[in-house]
Structure formats: structure tokens, C-alpha cells
Amino acid sequence: MSDLNRGIMKFEGADTPKAVTISTVLLLGAIAALIIWALQAAYAVN
């Protein structure tokens, strides 16, 4: 069992490159969306 297969990731294949890539893309996409939304809310840019 690798270190990435512990904690909340207690299922087989949690540390496969495909799963890590998908979760990374989702996380970075959510962060980018929040930053864009915050900038649009703070500055009235059309």
C-alpha cells in the first residue's frame, strides 16, 4: 500500500496516474474558476 492510498483515499487505484491527473485538473479548474469569478465581482470588467 502506497502512502497515497491512505486517509480519505482508501480505495484501490487511488494513486494511479489517471486518478491523480483527473483530480488535479478538477482542483486547478475549480481554483481558476473561483479566481475569475472573484476578479469579475471585484472589478466591473465586461
Side-chain angles (χ1 to χ4, degrees):
M1 174 184 291
S2 72
D3 288 339
L4 294 175
N5 214 6
R6 299 176 191 271
I8 63 170
M9 303 290 280
K10 289 183 182 175
F11 55 90
E12 283 301 315
D15 57 349
T16 61
K18 184 177 179 182
V20 172
T21 302
I22 291 171
S23 61
T24 301
V25 167
L26 288 174
L27 182 64
L28 292 178
I31 292 171
L34 285 172
I35 290 172
I36 292 169
W37 171 77
L39 288 173
Q40 287 178 344
Y43 307 105
V45 178
N46 290 333

>> Which residues end up grouped with I36 if you chain together Ile, Leu, Val, Met, Phe, Trp and Tyr wherever their side-chain heavy atoms are less than 4.5 Å apart?
In response: none

>> Could you report the tightest heavy-atom contact between P17 and T21, atom names first, then the distance?
In response: O-OG1, 2.7 Å

> Residues two or more places apart in sequence or in another chain: which of them pass side-chain contact (heavy atoms from CB on, under 4.5 Å) with L27?
Replying inline: I31

> Which ILVMFWY residues can you reach from I22 by hopping between side chains whose heavy atoms are under 4.5 Å apart?
Replying inline: L26

